[in-house]
Amino acid sequence: MRLHHLTITAFGPFAGTERIDFDALSDAGLFLINGPTGAGKTSVLDAVCFALYGRVPSVRNDAKNLRSHHAPPDRSPEVVCEVTIRGRRFRIARSPRWDRPKLRGTGTTEEKAKVLLQEWRAGEWAALSTRFDEAGQLIGDLLGMSAEQFCQVVLLPQGDFAAFLRADAEKRRTVLERLFATEIFTDVEKWLREKRQETGREAESLRAAAASIADRAAEAAGGERPDLDPDALAAWTVELSAHMDDVRAAAEDRVAAAAGVLSAARAAAERGRALAGRRARRAAAEAGAAALAERAGERAALAGALRDAERARRVLPMLHAAEARAARREQAATVVARQRDAVTRLVPDTADADVMRKEERARRDEAAVLEQRRDDERRLAGLGRDLKRAESEGQDLDAREAELSLFLTDSPRYRQTLAGQLEQTRSRLAARPVAEAAVDAARRRLEAAERRDALVTALAEAEEDHRAATDAAQTAREAYQEIRQARLDGMAAWLARELTPGEPCAVCGSTDHPAPATSDRDLPDGEVEAAAQAAYEQAREDRERIAARLAELRAEHAAAARDAGDEVTDDLRAALAAAREELTGLTAAEADVERLEEELRQVDAEYEEARDRQEEVRAALAENRAQRVALTAESLRLRSGLDDARGDDPTLEARIRRLGAEADLLRDTAAAIERLRAAVDDAEAAEREAVDAAEAEGFPSVEAVRSATLDDAAHEELTRRAKAHDDEEARVTALLNDPDLAAAAAEPPPDLGALEAELADADQAHQAVVSARDRARHRRDRLAALAAELRRHAAAWRPAAEHHELVSRMAALASGDPAVNTARMRLSAYVLAARLEQVVARANHRLARMSQSRYVLEHTVERAAGERGRHGTGGLGLRVIDGWTGQHRDPATLSGGETFMASLALALGLADVVTDEAGGAEIGTLFVDEGFGTLDEETLDEVMDVLDGLRDGGRAVGIVSHVAELRTRIPTQLRVRKTRTGSTLAIAGAGQDATASRTAGTIS
């Protein structure tokens, strides 16, 4: 990870917009973040952490409002960070939640937190996400660290590590758990604890179940259970089952003997009950015969009543007919009375049916005359609709006439405006040739600039080729000259090689060769010289060819530069675009001329058309007014005639309906009077027929017939009583004639009490032995079931107890129980101890250098004195070995400077280990926060050497401190200044003194 740029707006102590160029700071490798206390040095690190993770380190994250209190109320807080992670460049813009002033009214409204994650792709920023979870997941995955790990690895807060150095094992464990993923080992500890409880509950449940079953078996057997041992319990239940089998067999024998006695007693009792029953039936028959003799008169009365009811039944039809006709007479009289009340206002109360018929005809005749006037009423309604339609058409004509008058007034002014626009457009169009020429000139200059720029590279390559060719030709020439000179220098030795004793020399002709020339090196021959000469000639030709091409390119570049001028390509491209835009506008002006000319022609045509239409509308308006006058006159005439015809009724139709309703009422009343007269005659005739029929059956009057009449229920009851008397008489007679009952009456009565007592005693004895047998059988069956159940639970109990014992030992071992874990280390503490051991090993490399090999950190599994009573926190101890004295020291005994060195070494070691665990993620920029004020000059030199060594591999290190000594040691600085209106930032050193950019808005 390498930071490039950071922009802070209205965040923390920074009221405005502050931009930090980390690329400029990182060029020096080591830079200082300097400023007075409270200026905002740590807030710069907070901004970095907030941009990446959406939170700030440590307890400062609890502060919900990250917006600067110095910023204007409407300025939005924002942090924008450009960073490269694993070769990918990102820009992250985050805004915390804040309360902005309402746009309307007073008060504030909440602005939600926002995030925008972008990546630099193909020369532009491409948006990746605006969701917090997606952005955080991507950054976290690429960095390979959580926010806690990032704060410890990249920001290196020295105060935290001084506390970490001096902390007890449990606090040190809390820090390490935040940095290393040991959750799985903690989960294993938790799982083992829960498994121990689970297996303990299971084993105890099985033991309790076995004990409960054994207790129930002892209760069933009536004894006591033995000790809770599975084998002993099973043997005990088998023994009890065998004993209960013997008890049940003896009970079966007693049940068989008691059953024989019970059977004999039951037979004797049944014989006595049968004899007593027959004697009772004979006595009951004799009593019944006496009772029947006493009720003989009642039987005769029943027969007489049934005979009278039969005679009355024959008269009832005539009686019912008379009653029905009398009812119809009364109903007709009621209807007549109601109808007369309804026609009281139409005819006198004493009017008969003939008078009502006459009044009915008079009303129907008047209604027939009024029916003929209905056409006038419909005609009047139609005239009203015609008049309303004519009035609506008149209003439309008035509106159209006004609209046309307005158009004829405004049209000349509009035509004058169009003519002016047309003249202006034609004037503008005259400049089109100039614009076309400008486009051509701009295009030629741009093409020349593009050729010029393209030729720069080709020219540079040609110059490089020319230099190379010149060097090659020079080298070839020197090689050729060297070979030629070598041949010249060794020519005598070469000729001496050709000399033969006694043969004449080719040069001097002498046959005596007293001192031939020699050479101490190989001499090139003519072929070597010829090859070197050919290579030189070829190199010279290549140089001349490339020189010609170079001259050609220089001439072409000079011509292109002359045509393009001094302007850059982007400016010429913009000028061409502007010229083309101007020409496009002029081209559009041609279409505007045609459009305006067409609009002028259309305006003239519409003006003539409107003038013709105005005349037509005025003629139609005059015709409409005449039509409305005629319709109004006709409507008045018809309305006067209809008013006379309807009289006092609201409408003609209402009068016709009223006359029809009155005629119908008079008709119905006359018909009701006629029906009443006929009903009276029918009722009188039916009454005479009923009286004659009653006399014929021997009844003195109609009322006597009604008295003798029985309804169906009464007739059925009398018939039933008569039949019951006859049936009882037959039954008694049959019993008195039964020989068995007569014989039983002659025998002496039995002693039923004694027989029933003997039967009860036998039954009670039988039930007692059966109950004893059933209890024995039930106890035996219950013991058999309990024995099987007990064997199953005992079989499950033993492995469950053994499993629980194994799990308990493992849980105790993982939790650091001293009974099984002599080191008293929990499993997670053991893993963290291994991590701490790695951290100490990395830290000692730097601590030895800073302390001049005096101090070494030692990881120990021993606990401090205050931790003796606690289990599972061992393995996280730290001690300091003093190389000068050979003593082991508690970190709390170190001085301030010594504590700083040990803390810094720990911080850097921990950063290395966490980085390795995160997959070796590259940390290109890291910060060391405070603590240098405790160091003397010599120690500070050693510490600075260690920090300077962190720059290996291009890493940049930022030191956060207000110590004055560091300002002279570290020239590249990010200075934080605080004022009453908020803090500001400035970069200084390394040959520059540039103030960080401060703007009112957010950088793009």
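Everything numeric here is computed off the predicted structure, so don't read it as measured data.
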- Query: Which residues pass the side chain to side chain donor-acceptor pair (under 3.5 Å) test with D133, sequence neighbours left out?
  - Reply: R131
- Message: Tell me whether E204 at atom CD has more than 12 heavy atoms from other residues, nucleotides or ligands lying less than 6.0 Å away.
- Response: yes
- Taking atom CZ of R201 and atom CG of L206, what is their separation to the nearest 0.5 Å? 13.0 Å
- Determine, step by step, whether E202 and H804 satisfy the side-chain contact (heavy atoms from CB on, under 4.5 Å) criterion, reporting the C-alpha distance in whole Å, the side-chain angles of both residues, the deciding distance to 0.1 Å, and the verdict. CA-CA 8 Å; E202 181 182 1; H804 171 61; over 6 Å; no
- Looking at residues at least two apart in the chain, or sitting in another chain, which of them share a side chain to side chain donor-acceptor pair (under 3.5 Å) with D681? none
- About how many Å separate CD of E805 and CD of E802, when rounded to the nearest 0.5 Å? 8.0 Å
- Roughly how far, to the nearest 0.5 Å, is the CG atom of D352 from the CE atom of M356? 8.0 Å
- Got a second to check how far E198's CD is from W191's CH2, nearest 0.5 Å? 8.5 Å
Compile the donor-acceptor pairs under 3.5 Å between side chains in residues 662-680 and protein atoms, sequence neighbours left out, one pair per line.
| residue | atom | partner | partner atom | Å |
| --- | --- | --- | --- | --- |
| E662 | OE1 | R363 | NE | 2.8 |
| E662 | OE2 | R345 | NH1 | 3.3 |
| E662 | OE2 | R658 | NH1 | 3.2 |
| D664 | OD1 | R364 | NH2 | 2.7 |
| D664 | OD1 | R667 | NH1 | 3.4 |
| T669 | OG1 | Q339 | NE2 | 3.1 |
| T669 | OG1 | L665 | O | 2.9 |

- Item | From K195 atom NZ to T199 atom OG1, the distance as rounded to the nearest 0.5 Å | 7.0 Å
- With a cut-off of 6.0 Å (strictly less than), are more than 12 heavy atoms of other residues, nucleotides or ligands near CD of E134? yes
- Going from OG on S771 to NE2 on H766, what distance comes out if it is rounded to the nearest 0.5 angstrom? 10.0 Å
